[in-house]
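So that the names make sense, note that chain A is the first sequence line, chain B the second, and so on, each numbered from 1.
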Number of protein chains: 4
Amino acid sequence: MSAASSPPRRPRSGNRRDEAARLAVLHAADDLLVEHGFGALTVEAIARRAGVAKQTIYRWWSSKTDILLDTLIEDSEKRLPVPAEEITAGTVRDYLRGYAHFLTDDTAGAVLLALLAQAQHDPATATAFQERYLEPRRARERAMLARGIATGALAPRLAPEAALDALIGPLVYRALTGAEVPGDLVDALVDAVLRPAAD
Amino acid sequence: MSAASSPPRRPRSGNRRDEAARLAVLHAADDLLVEHGFGALTVEAIARRAGVAKQTIYRWWSSKTDILLDTLIEDSEKRLPVPAEEITAGTVRDYLRGYAHFLTDDTAGAVLLALLAQAQHDPATATAFQERYLEPRRARERAMLARGIATGALAPRLAPEAALDALIGPLVYRALTGAEVPGDLVDALVDAVLRPAAD
Amino acid sequence: MSAASSPPRRPRSGNRRDEAARLAVLHAADDLLVEHGFGALTVEAIARRAGVAKQTIYRWWSSKTDILLDTLIEDSEKRLPVPAEEITAGTVRDYLRGYAHFLTDDTAGAVLLALLAQAQHDPATATAFQERYLEPRRARERAMLARGIATGALAPRLAPEAALDALIGPLVYRALTGAEVPGDLVDALVDAVLRPAAD
Amino acid sequence: MSAASSPPRRPRSGNRRDEAARLAVLHAADDLLVEHGFGALTVEAIARRAGVAKQTIYRWWSSKTDILLDTLIEDSEKRLPVPAEEITAGTVRDYLRGYAHFLTDDTAGAVLLALLAQAQHDPATATAFQERYLEPRRARERAMLARGIATGALAPRLAPEAALDALIGPLVYRALTGAEVPGDLVDALVDAVLRPAAD
DNA sequence: TGATAATCGAGACGGTACGTCACGTCTTGTG
DNA sequence: CACAAGACGTGACGTACCGTCTCGATTATCA
């Protein structure tokens with residue numbers, strides 16, 4: 001189904017998977033989404049743009065959202081890593097500010113919003129998006145929070161899961177409604193929800 | 001339940017717009033969305049289900065999301081009114097609990113999420129959704145908050161606009177990610193964001 | 001059905017038929033055919049152009065070809081009468097030259113060709129065209145020929161009916177295939193088919 | 001008889017054009033024209049009858065008349081060849097009798113009349129019909145006549161082009177007006193126009 | 001002199017077909 | 001065997017006209 005989740009295949013004979021074609025598809029999908037919007041993101045357009053046969057796409061991905069999910073996972077891990085050590089109020093604040101920037105100014109943020117949207121329309125996308133993006137990231141965010149609480153840097157007014165929704169929900173909601181997400185908002189949310197120790 | 005199914009033949013009413021056809025379309029769109037999801041919501045399916053010609057739909061609505069917007073506006077005004085007088089912490093809490101219920105258990109909530117999603121894919125939907133649903137409701141919510149602050153019932157930690165996003169964003173985000181929205185979460189958000197006086 | 005063929009209706013009361021509307025429709029149909037071709041000749045376009053309601057057309061004509069037939073009958077009786085008295089080789093030759101001119105250079109000729117064409121596609125048009133245009137004219141043409149034979153002006157090589165087809169058929173065929181119909185051709189046909197006495 | 005109905009499933013043949021689909025379309029168009037007339041000849045009906053996708057038709061033909069033209073060309077070359085050698089008065093007479101039969105009793109004749117009709121309504125059809133059917137056939141007919149004159153078998157009263165119109169025009173005209181085309185007529189025309197030597 | 005009855009412009013309505021687009025599947029031929 | 005190429009059946013798109021219908025406003029005739 002998805003290339004990113006599978007271990008490298010070891011075919012018994014014949015040609016191996018063409019890495020150049022794989023990258024061309026991912027980039028074509030990304031570019032088309034950013035340049036012309038989700039409406040113009042068709043498998044045929046991706047194939048045309050990537051200079052690839054349609055069948056090559058269907059051989060490796062189950063749908064166009066499957067392609068987007070691959071790009072989102074690769075990009076978000078590079079450009080918006082969840083802080084893993086030395087959690088202070090500052091690192092959390094920076095992560096959330098990064099998230100806000102990611103949502104509104106990064107092409108990968110557009111992919112995230114498109115997938116979140118498409119998940120409302122298509123259960124298969126919903127499941128894959130949940131399992132391959134949301135849940136793994138949420139696990140790392142939970143760990144981040146727990147570490148911050150353990151060190152006394154954070155003292156949330158809400159239970160951990162609720163706290164994460166209280167912090168991230170408003171950012172995503174504003175991005176979805178086309179509003180900007182100012183740094184002030186992030187700071188105010190952190191203060192209200194996490195009651196951080198001075199950092 | 002669709003209007004077209006109850007009487008075998010809708011009386012045609014001549015020159016003026018046919019109100020029965022209008023209702024049949026709105027109900028058909030609603031029903032199809034709930035029963036088979038946004039993917040099955042095509043103009044042709046709506047027309048078929050409503051017992052109406054496709055052209056009759058295009059005469060009055062510019063797209064299927066335009067139909068959904070009509071149903072959302074009518075339904076949300078009936079089933080989720082913004083409290084207008086005597087604002088206490090309780091009325092706000094109830095409104096938000098109602099919002100949570102609306103999002104997860106009401107067919108009109110499904111319409112809201114579908115429109116919010118489609119707005120990510122289509123600028124025209126985004127504009128219409130913003131102007132005809134989000135902004136009018138937000139204006140009334142702002143007024144609600146202002147009244148609560150004036151009477152001393154509410155003392156938000158955040159500026160009004162930010163406070164509304166901090167309250168509603170998490171509810172919508174959880175609904176979008178398929179999670180339930182428990183009453184606890186609403187209460188905790190109200191406490192954290194609005195610092196209500198005892199009510 | 002058709003206004004031209006029915007006796008004028010005598011309703012006991014109410015408005016009489018609007019003559020201005022009748023003429024507007026006939027002219028609109030004629031103009032549209034000549035300006036934009038049969039493809040653009042729709043009932044809606046005629047109504048629009050004539051400034052008339054669609055229902056007014058359907059009240060008096062059964063189809064758009066019925067309208068064309070009315071214009072053809074009125075125009076062809078005025079502009080291409082069948083010679084009735086004093087038949088010489090010259091009058092026949094002139095009639096056929098007139099027919100050629102009618103077919104290629106008169107707007108009513110375009111109507112004739114359009115109806116002959118539409119008769120191939122629609123049996124109702126075929127019947128009406130036959131009964132209201134072709135047959136009456138052919139009867140008068142037969143009479144013309146008979147008179148010419150009686151006076152010795154004409155001595156056809158073919159039986160009368162066949163002679164008429166041999167004379168008119170080539171003219172119509174050339175018009176249908178987009179060719180011009182030169183006077184020479186008419187003269188040669190008359191010579192070959194009718195063996196006229198010197199006139 | 002339609003090709004699509006004999007085997008339950010046509011074998012799909014991949015990258016190249018599907019010959020079975022091509023034939024199924026040609027036969028379906030022919031059948032529909034003969035059985036239900038030009039009015040029932042819609043692209044959708046052809047596709048339905050041929051068991052073929054509408055898009056497959058549009059991929060290879062520009063319109064339904066383009067399909068008819070293909071069938072006409074194939075059929076008329078098989079069933080009404082223009083005599084090429086040994087031209088006598090008899091071969092010409094037989095060709096014209098064959099033409100008469102083709103026009104009134106052959107399904108391909110119905111196609112010819114439909115195309116000649118449609119050419120009056122649509123310039124694109126007119127051009128294609130002229131260039132792909134009429135002109136090539138006329139060229140061969142001209143050659144036939146020239147050969148007959150050269151051998152002294154024929155001594156036309158009219159110039160060659162005019163003679164052909166004088167011979168074929170009446171046949172086509174009678175077919176168009178729903179009349180039969182008797183053999184006598186053909187003989188009389190040949191005698192009057194071509195003044196044949198005894199054959 | 002009204003009441004009656006037919007006409008008229010306007011246009012909504014249920015339909016059918018249009019020609020286009022993208023879907024996902026399949027087959028061919030090349031490296 | 002992967003891959004470029006692309007034909008195929010499927011089905012929705014948004015548009016144009018079809019012929020029927022109902023409105024409300026004019027007129028003319030006749031009681």
Show every donor-acceptor pair shorter than 3.5 Å between a side-chain atom in residues 37-48 of chain B and any protein atom, with sequence neighbours excluded, or say none if there are none.
unit_1, atom_1, unit_2, atom_2, d
T42(B), OG1, A45(B), N, 2.9
E44(B), OE2, K54(B), NZ, 2.8

Return the 5'-most residue of the pair S63(C), A45(B) with respect to DNA chain F, ranking by each residue's nearest nucleotide. A45(B)

What is the separation between atom CD1 on I46(A) and atom P on dC21(E), rounded to the nearest whole Å? 18 Å

How about K64(D) and I57(D): do any of their side-chain heavy atoms sit closer than 4.5 Å? no

For residues A50(B) and A24(B), report the shortest heavy-atom separation together with the two atoms involved. CB-O, 3.5 Å

How many angstroms lie between atom CZ of R17(D) and atom OG1 of T56(D), to the nearest 0.5 angstrom? 9.5 Å

Once you apply a heavy-atom cut-off of 4.0 Å, does W61(D) come out as touching a base, just sugar-phosphate, or nothing? nothing

Measure the spacing between CD1 of I67(C) and CG of L72(C) and express it to the nearest 0.5 Å. 13.5 Å

What's the closest nucleotide to the R16(D) side chain, out of dC23(E), dC3(F), dG29(E)? dG29(E)

Nearest 0.5 Å, please: how far is CD1 in I73(C) from CG in L112(C)? 11.5 Å

Rounded to the nearest 0.5 Å, how far does CG of D122(A) lie from CD of Q120(A)? 10.5 Å

Do any of residues 50-58 of chain C sit with a heavy atom less than 4.0 Å from DNA chain F, and if so which? K54(C), Q55(C), Y58(C)

Identify all side-chain donor-acceptor contacts of residues 25-35 of chain C below 3.5 Å with residues at least two apart in sequence or on another chain.
unit_1, atom_1, unit_2, atom_2, d
H27(C), ND1, L23(C), O, 3.4
E35(C), OE1, R49(C), NH1, 3.2
E35(C), OE1, R49(C), NH2, 3.4
E35(C), OE2, R49(C), NH2, 2.8

Does OP1 or OP2 of dC3(F) have a side-chain N or O of W60(A) closer than 4.0 Å? yes

Look up atom CD in E74(A) and atom CG in L69(A), then write down how far apart they are to the nearest 0.5 Å. 11.0 Å

Return the value, rounded to whole Å, for the distance between atom CZ of R17(D) and atom P of dA7(F). 10 Å

To the nearest 10°, let me know how far the axis at one end of the helix from dT1(E)-dA31(F) to dG31(E)-dC1(F) is tilted from the axis at the other, five pairs an end. 10°

Looking only at the side chain of E44(C) (C-beta and beyond, no hydrogens), which of the listed nucleotides dC18(E), dC17(F), dC23(E) gets closest? dC17(F)

For residues 32-42 of chain D, which residues have at least one heavy atom under 4.0 Å from DNA chain F? none

Separation of dA5(F) atom P from D18(A) atom CG, nearest Å, is 13 Å

Which pairs count as ring-ring contact (aromatic ring centres under 6.0 Å, His included) when at least one residue sits in residues 46-65 of chain D, sequence neighbours excluded? none

If you find the nucleotide of DNA chain E closest to R59(B) and the one closest to R48(D), which residue's nucleotide is nearer the 5' end? R59(B)

Measuring from atom CD of Q118(C) to atom OG1 of T65(C), what distance do you get when rounded to the nearest 0.5 angstrom? 6.0 Å

